[in-house]
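The analysis underlying the following values was restricted to heavy atoms, covering all of them including side chains, and did not include hydrogens, waters or symmetry mates. Labels below follow one simple rule: chain letters A, B, ... track the order of the sequence lines, proteins then strands, and each chain is numbered from 1.
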Protein chains: 2
Amino acid sequence: MPSSPSAELPHIVVIGAGFGGLAFCQNFPAHLARITVIDRQNHHLFQPLLYQVATAGLSAVDIAQPIRALFGDRPNLSVIMAEVTALDLAGRRVVHARGELTYDYLIVAAGGRTSYFGHPEWEQFAPGLKTLDDALAIRRRILLSFERAETEPDPAKREAAMTIVLIGGGPTGVELAGTFAELTRTVLNRDFDHIDPSKARVILLEGSPRVLAAYPPDLSASAQRQLERLGVEVRTATRVESITEGRVVAGGQEIRADNIVWSAGVAAVSLARQLGAEEDRAGRVKVLPDLSVPGHPEVFAVGDLISLVDANGVTVPGVAQGAIQAGRHVARLLRRELRGERFAPSGREAFAYRDKGNMATIGRSSAVAEIGRLHFGGYPAWLAWLGVHLLFLIGFRNKLSVLLQWTYSYFTYRRGARVISGVEGPPAHSA
Amino acid sequence: MPSSPSAELPHIVVIGAGFGGLAFCQNFPAHLARITVIDRQNHHLFQPLLYQVATAGLSAVDIAQPIRALFGDRPNLSVIMAEVTALDLAGRRVVHARGELTYDYLIVAAGGRTSYFGHPEWEQFAPGLKTLDDALAIRRRILLSFERAETEPDPAKREAAMTIVLIGGGPTGVELAGTFAELTRTVLNRDFDHIDPSKARVILLEGSPRVLAAYPPDLSASAQRQLERLGVEVRTATRVESITEGRVVAGGQEIRADNIVWSAGVAAVSLARQLGAEEDRAGRVKVLPDLSVPGHPEVFAVGDLISLVDANGVTVPGVAQGAIQAGRHVARLLRRELRGERFAPSGREAFAYRDKGNMATIGRSSAVAEIGRLHFGGYPAWLAWLGVHLLFLIGFRNKLSVLLQWTYSYFTYRRGARVISGVEGPPAHSA
């Protein structure tokens, strides 16, 4: 295609099409600049529902939208699917796997990654949950281990195949534990003849004294009660000492489990280091109050890879809302600057995070929610959670499909997505 | 779980939960025997729509149903997910990856595999389409090659990345070619800035003089016209001479293409050989008129792995209807025998295939159909095809979800399923 007259416009490169990158693009006027979005995946992921894919409640496409489809009709915006390999801030260049880009403004919204707190060797035994492929791998592994249990004659091996350990009692760990407990007790339950999946053990390990440590204590207690009612063994103040193949040692005790999932730490992606700014312990970049990178007013960072105490003294949390609000803030700043209402960098408006509340679901009809001073649990919290997540789920088709699946699961207690694909082994040439 | 009193019942082992195996189980009374279904996958696949998954029109779970979910409530039926490794007909034993089973009756319904006509080395360059994983791999590969084309500066490489070659003009080849032409011209079309996907080449190679060689000649001609209208280059009477990485030589001409899909041959799975019966050239087992294996009245074979001219002199075709009708036939025979209306094997009723017609779809609103003496093409054929496939698609949820996706695609010309997952490369630790 011939290059358009818009080549004269300033060029903004956005790294990452997660909540932060997307919010920037959606809130920035199309005629003011050319935008190039670069991401290593071809889809935007609705990360808050990723645990539903891991637990076979939703299928992958329900929570993912092709990035190109999201921006198909928008002028002055291109998408590149490639991994960014290097940043050259001095030369205003982004180097990726298949070429390079120069920019006038750069938005780094590349997100977080799973952190193993200095134990990278644990990753192979306790995979994390960050991408669609992670979720599909966890699902495959757990469904296959119940298949193995069905024909396993050795009782100890059978028990290990039917044990799921979640490490980390934050929202992801709580949501996974609750949903796995439900999956085994109400869905898989009816599928097998030689094992009883409702006897499967789901163990949630948390190092600190309570689950959902970032929530108010009354909601932590409520979450733990709701989990235990579903059959989850919750062990708080229990630190993991070692993880090897099918084996976790925590609080001095050994647990044999074929399914170990890491839901504990988040750190910034390694790309963050190349911004050359000061970092916190998790590798998150200490940005200036306007979200720009020190020394580079033309470079901004948003989302899970920043560390910032905002204008109101609040630490911006690594949640979707934090990324979305930051993306919008940068869009507003650049819109003003490119319209000629220029400010000196020091005169730019500081970012202020607005806490809209927190919610975690625990299972069918169970959840905890905190909205302002309002704390609630159980069924009302679950309904609120359902509404909010459907409302924010990107894409009309997906909303309908997800609603359909949820309604169906709710009334029938069955799950449609528990199809195993990508089984390791030879191609399908023999039965 | 303790063994039930039903252990006294005769034991029927069914290898394969495709159309044939499923039809047997659904038509055999639950109280007459214990049934064990064994399959290497955990799902039944609605194979006629597999090309829709490969072309990003449907998602994997729309056309797959967990086998356990299909039989969850049925008594006297267990499911084992494992690969069958050996058959011992003399000892009435089935050996699988995690143990073995003995049987009183055996139904082998293990299906077909892709055949490369004596060129197994072509498989790595031109994958076939038999399983869900095959379909997902083809989709991933094609979507990724357009992503590569978008940033490829070399025009020859860019053209190769935008060329799709289908080898074999049977129903699968025709359906894939039509749908890929449509995908590039009406969907991907709007997604890219530097390439024009509507200029992508879709080439269908067929060795015989016409596509859909098993259909009446007027429908073959109609299909070719409809394909060409969509922009497919149809080359009949063109034999493939060699396939290497990104390169097909056919009819003396070389084609450079990053996407080569094999849609030509089907052969019986290798397990068929272990039945010890005479085989045809594709390795299909020559069964007796009652569908039993010569010398073993207690062993039956159904579906893609049999070769049979039926009671009316018709060759049973390797299509879903052939497998379904054969599965039902065996269910009827065994039901009678186990109820005590015993016949000598020679006195068993012979199988007679009832041709219910053939249909192949070519794209949005295009298809060809043959129902009895009625031949038709275009929109009416497409509507008929849509109705029949929705009717037969197993599972209420899937029907709704598929209908929703189709309606949505039809009116918006967009496709929801073009999410790439399972990209090779390092885990998501950097942007």
A.B. asks: How long is the straight-line distance from CZ of B:R68 back to CG of A:D193, given to the nearest 0.5 Å?
C.D. replies: 7.5 Å
A.B. asks: Has B:R190 got a side-chain atom pairing as donor or acceptor with A:A69's backbone, closer than 3.5 angstrom?
C.D. replies: no
A.B. asks: Side chain, backbone, both or neither: which part of B:I67 has a non-hydrogen atom closer than 4.5 Å to chain A?
C.D. replies: neither
A.B. asks: Heavy atoms only: give me the nearest A:T151-B:I80 pair and the separation to one decimal.
C.D. replies: CG2-CG2, 4.0 Å
A.B. asks: Under a 4.5 Å heavy-atom cut-off, does chain B meet the side chain of A:L188, its backbone, both or neither?
C.D. replies: neither
A.B. asks: Is the number of heavy atoms from other residues, nucleotides or ligands within 6.0 Å of CZ (A:R74) greater than 12?
C.D. replies: yes
A.B. asks: For A:R98, which of B:R148, B:E150, B:E152 qualifies under side-chain contact (heavy atoms from CB on, under 4.5 Å)?
C.D. replies: B:R148
A.B. asks: Under 4.5 Å between any side-chain heavy atoms of A:M81 and B:L144, yes or no?
C.D. replies: yes
